[in-house]
Protein chains: 2
Amino acid sequence: MREFLKTKGYKMTPQRELVFRSFFELGEHVSVDELFDRVKRIDESVGYSTVWRNLKLICEVGLAREVTVGDGVTRYDRVTRKPHGHFYCLKCKSLQEFDLNEIAGRLSKVATAEKFETESFKVEIEGVCKSCRDKENKKAKRNLSTSPKISRTKPSRQK
Amino acid sequence: MREFLKTKGYKMTPQRELVFRSFFELGEHVSVDELFDRVKRIDESVGYSTVWRNLKLICEVGLAREVTVGDGVTRYDRVTRKPHGHFYCLKCKSLQEFDLNEIAGRLSKVATAEKFETESFKVEIEGVCKSCRDKENKKAKRNLSTSPKISRTKPSRQK
DNA sequence: TTTGGTATTGAAATTGATTTTCATTTAGTG
DNA sequence: CACTAAATGAAAATCAATTTCAATACCAAA
């Protein structure tokens, strides 16, 4: 990794190594805050901007890419061999992946037909995951009469 | 429209009517700023928050939905009969639509298979549109020797 | 039509994530 | 070891999104 970065003109530092390692240890869909928390647990002295900048760097060198869902927090996905889409649960804000092989093929065709040069795909299915749906059902049974009031604004961003 | 809103417990006001009308007159992918600009041209006195709140309201009552690409600006799409995806050009930031009929069907299947209750799809193809590619090619021809330095950070948000 | 309660408005302030600044330190080259 | 560009950490700046609050306007009921 040190060598890899060197060829791109970057230096290796203990902080950078820690950030990179932590990022790859964590699963997918890592937010800056999550990564920062993890890094801090190992080295209290590392600053937020260092984590942020190195996460950006990981993207810059092509090892990760940004994922944005509609909640105002950017997450970062390790670039893996396989293209995948995301299920985004509107209740618990969790992301699950699904394979995009076949669909990516079709999207490529659409792009080509429209003379669009594809850089990447972003496919998300928004909805409610099984676990949240189960919870809802239980609640509904417990409490048949109350219909929750619809809120005019979207829930405040988490954390 | 007045009646429609009344049934949902909302009042009609001149400002609201203007915001709604302007939104539907504009094309798709409207940002708050764009809508605000347009509204202001007709009535200087309307405030930004009024535009913002009414755009939210349009979503709330199901006539529009948020679209987020990776540039930090939320856009709003009129909810139309047809599901569609977006080409997002990384150079000129433009959005073009493409039909999602067939692909939506496949995505539904994937969701069902994973026991995920679908609320909506979001399909984006990021890349470079034809017009930007043509410009790039011209530039490249004019200037064969210079290789632009890669920037470490993403371009500042527009406006 | 007047009145009263509630929703809406506009301006300004706040929030929360992201990004930059800047003074200092450090990595890696020679 | 010495030098230079890159990297760091803290704090400040940005920026879109959202909330607050006092004033105003809608509209239903009298």
Side-chain angles (χ1 to χ4, degrees), chain A residues 1-3 5-20 30-37 39-40 43-61 66-76 149-159, chain B residues 1-3 5-20 30-37 39-40 43-61 66-76 149-159:
Chain A
M1 176 53 75
R2 178 182 227 92
E3 292 312 311
L5 286 178
K6 200 191 292 182
T7 66
K8 307 226 172 196
Y10 300 107
K11 297 173 178 174
M12 183 47 82
T13 65
Q15 295 93 332
R16 175 160 292 166
E17 190 181 342
L18 177 55
V19 173
F20 272 56
V30 182
S31 68
V32 180
D33 280 3
E34 284 165 1
L35 187 55
F36 179 51
D37 285 351
V39 165
K40 235 183 3 191
D43 182 346
E44 175 73 47
S45 72
V46 177
Y48 182 91
S49 14
T50 298
V51 173
W52 179 80
R53 280 186 289 234
N54 278 301
L55 201 35
K56 285 287 186 186
L57 179 60
I58 294 173
C59 293
E60 184 63 38
V61 299
E66 299 191 346
V67 184
T68 56
V69 286
D71 68 353
V73 179
T74 304
R75 282 149 232 236
Y76 295 82
K149 217 173 165 61
I150 297 163
S151 126
R152 275 275 309 288
T153 53
K154 84 175 162 190
S156 62
R157 305 178 190 182
Q158 67 265 52
K159 214 343 161 1
Chain B
M1 175 53 75
R2 178 182 226 92
E3 291 312 310
L5 287 177
K6 202 190 290 180
T7 66
K8 307 224 172 196
Y10 300 108
K11 296 173 179 174
M12 184 47 80
T13 65
Q15 295 91 334
R16 176 160 292 165
E17 190 182 342
L18 177 55
V19 173
F20 272 56
V30 182
S31 68
V32 180
D33 280 2
E34 283 165 359
L35 187 55
F36 179 51
D37 285 350
V39 165
K40 235 184 1 191
D43 183 347
E44 175 73 46
S45 71
V46 178
Y48 180 91
S49 12
T50 298
V51 173
W52 179 81
R53 281 185 290 231
N54 279 301
L55 203 33
K56 285 287 188 187
L57 179 60
I58 295 173
C59 293
E60 184 63 38
V61 299
E66 300 190 345
V67 185
T68 56
V69 286
D71 67 354
V73 179
T74 304
R75 282 150 232 235
Y76 296 81
K149 215 168 166 66
I150 297 163
S151 126
R152 275 278 308 289
T153 53
K154 82 174 161 189
S156 62
R157 305 180 189 180
Q158 66 264 52
K159 209 356 163 347

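In what follows, chains are A, B, ... by sequence order, proteins preceding strands, each numbered from 1.
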Worksheet item: Between atom CG in A/Asp33 and atom C1' in C/dT15, what is the gap in whole Å?
Response: 14 Å
Worksheet item: For the side chain of A/Arg16, counting heavy atoms from C-beta on, which of D/dG9, D/dA7, C/dT19 is nearest?
Response: D/dA7
Worksheet item: For nucleotides 23-30 of chain D, read 5' to 3', which letter fits each nucleotide if B means a protein heavy atom sits under 4.0 Å from the base, S means only the sugar-phosphate is that close, and - means neither?
Response: ---BSS--
Worksheet item: Who passes side-chain contact (heavy atoms from CB on, under 4.5 Å) against B/Lys8, sequence neighbours left out?
Response: B/Phe4, B/Tyr10, B/Val61
Worksheet item: To the side chain of B/Thr74, which of D/dA17, C/dT19, C/dT18 is closest?
Response: D/dA17
Worksheet item: If you find the nucleotide of DNA chain D closest to B/Tyr76 and the one closest to A/Val51, which residue's nucleotide is nearer the 5' end?
Response: A/Val51
Fill in: Nearest-nucleotide comparison on DNA chain C, the residue closer to the 5′ end among B/Ser45 and A/Val32
B/Ser45
Worksheet item: Roughly how many Å is it from NZ in A/Lys40 to C1' in D/dT8, rounded to a whole number?
Response: 17 Å
Discussion item. In whole Å, I'd like the distance from the CD atom of A/Glu17 to the C1' atom of C/dA27.
Written reply: 13 Å
Worksheet entry | Residues that B/Glu3 engages under salt bridge (charged side-chain N to carboxylate O under 4.0 Å, His left out), provided they are two or more places apart | B/Lys6
Worksheet item: Under 4.0 angstrom, heavy atoms only, what part of the nucleic acid is A/Ser31 near: base, sugar-phosphate, or nothing?
Response: nothing
Discussion item. How many whole angstroms separate atom CD of B/Glu66 from atom P of D/dA16?
Written reply: 15 Å
Fill in: Close side-chain approach of B/Met1 and B/Glu17, heavy atoms under 4.5 Å
no
Worksheet item: Considering residues at least two apart in sequence or located in another chain, which fulfil the side-chain contact (heavy atoms from CB on, under 4.5 Å) criterion with A/Ser49?
Response: A/Arg53
Discussion item. Minimum heavy-atom separation for A/Arg16 and A/Lys11, please, with both atom names.
Written reply: NH1-O, 2.7 Å
Item to complete: Could I get the full list of side-chain contact (heavy atoms from CB on, under 4.5 Å) partners for A/Lys40, not counting sequence neighbours?
Response: A/Phe36, A/Asp37, A/Glu44
Practice prompt. Just jot down the side-chain hydrogen bond (donor to acceptor under 3.5 Å, both in side chains) partners of B/Ser45, sequence neighbours excluded, or say none.
Written response: B/Asp43
Worksheet item: Separation of A/Leu57 atom CG from D/dT8 atom C1', in whole Å?
Response: 14 Å
Worksheet item: Does B/Ser31 have any side-chain hydrogen bond (donor to acceptor under 3.5 Å, both in side chains) partners at least two apart in sequence or in another chain, and if so, which?
Response: none
Item to complete: Please state how far atom CZ in A/Phe36 lies from atom C1' in D/dT8, giving the value in whole angstrom units.
Response: 13 Å
Practice prompt. Please examine the side chains of A/Asp33 and A/Tyr48, heavy atoms only from C-beta on, and report whether any two atoms are closer than 4.5 Å.
Written response: yes
Worksheet entry | Rounded interatomic separation in angstrom, taking CD from A/Glu44 and C1' from D/dT8 | 16 Å
Worksheet item: Does the side chain of B/Leu5 come within less than 4.5 Å of B/Phe20's, by heavy atoms?
Response: yes
Discussion item. In this structure, how many angstroms lie between the C1' atom of D/dA16 and the CG atom of B/Asp37, rounded?
Written reply: 14 Å
Item to complete: For B/Leu55 and B/Val19, work out which heavy atoms get closest and say how close.
Response: N-CG1, 4.5 Å
Could you list the protein-to-nucleotides 21-24 of chain C atom pairs, N/O on both sides, closer than 3.5 Å?
residue: C/dT21; atom: O4; partner: A/Arg53; partner atom: NH1; Å: 3.2

Fill in: Partners passing side-chain hydrogen bond (donor to acceptor under 3.5 Å, both in side chains) against A/Thr68 (at least two apart in sequence or in another chain)
A/Lys122
Worksheet item: How bent is the helix from C/dT1-D/dA30 to C/dG30-D/dC1, comparing axes over its five end pairs at each side, to the nearest 10°?
Response: 20°
Worksheet item: Do the side-chain N or O atoms of B/Asn54 get closer than 4.0 angstrom to the phosphate oxygens (OP1, OP2) of C/dT9?
Response: yes
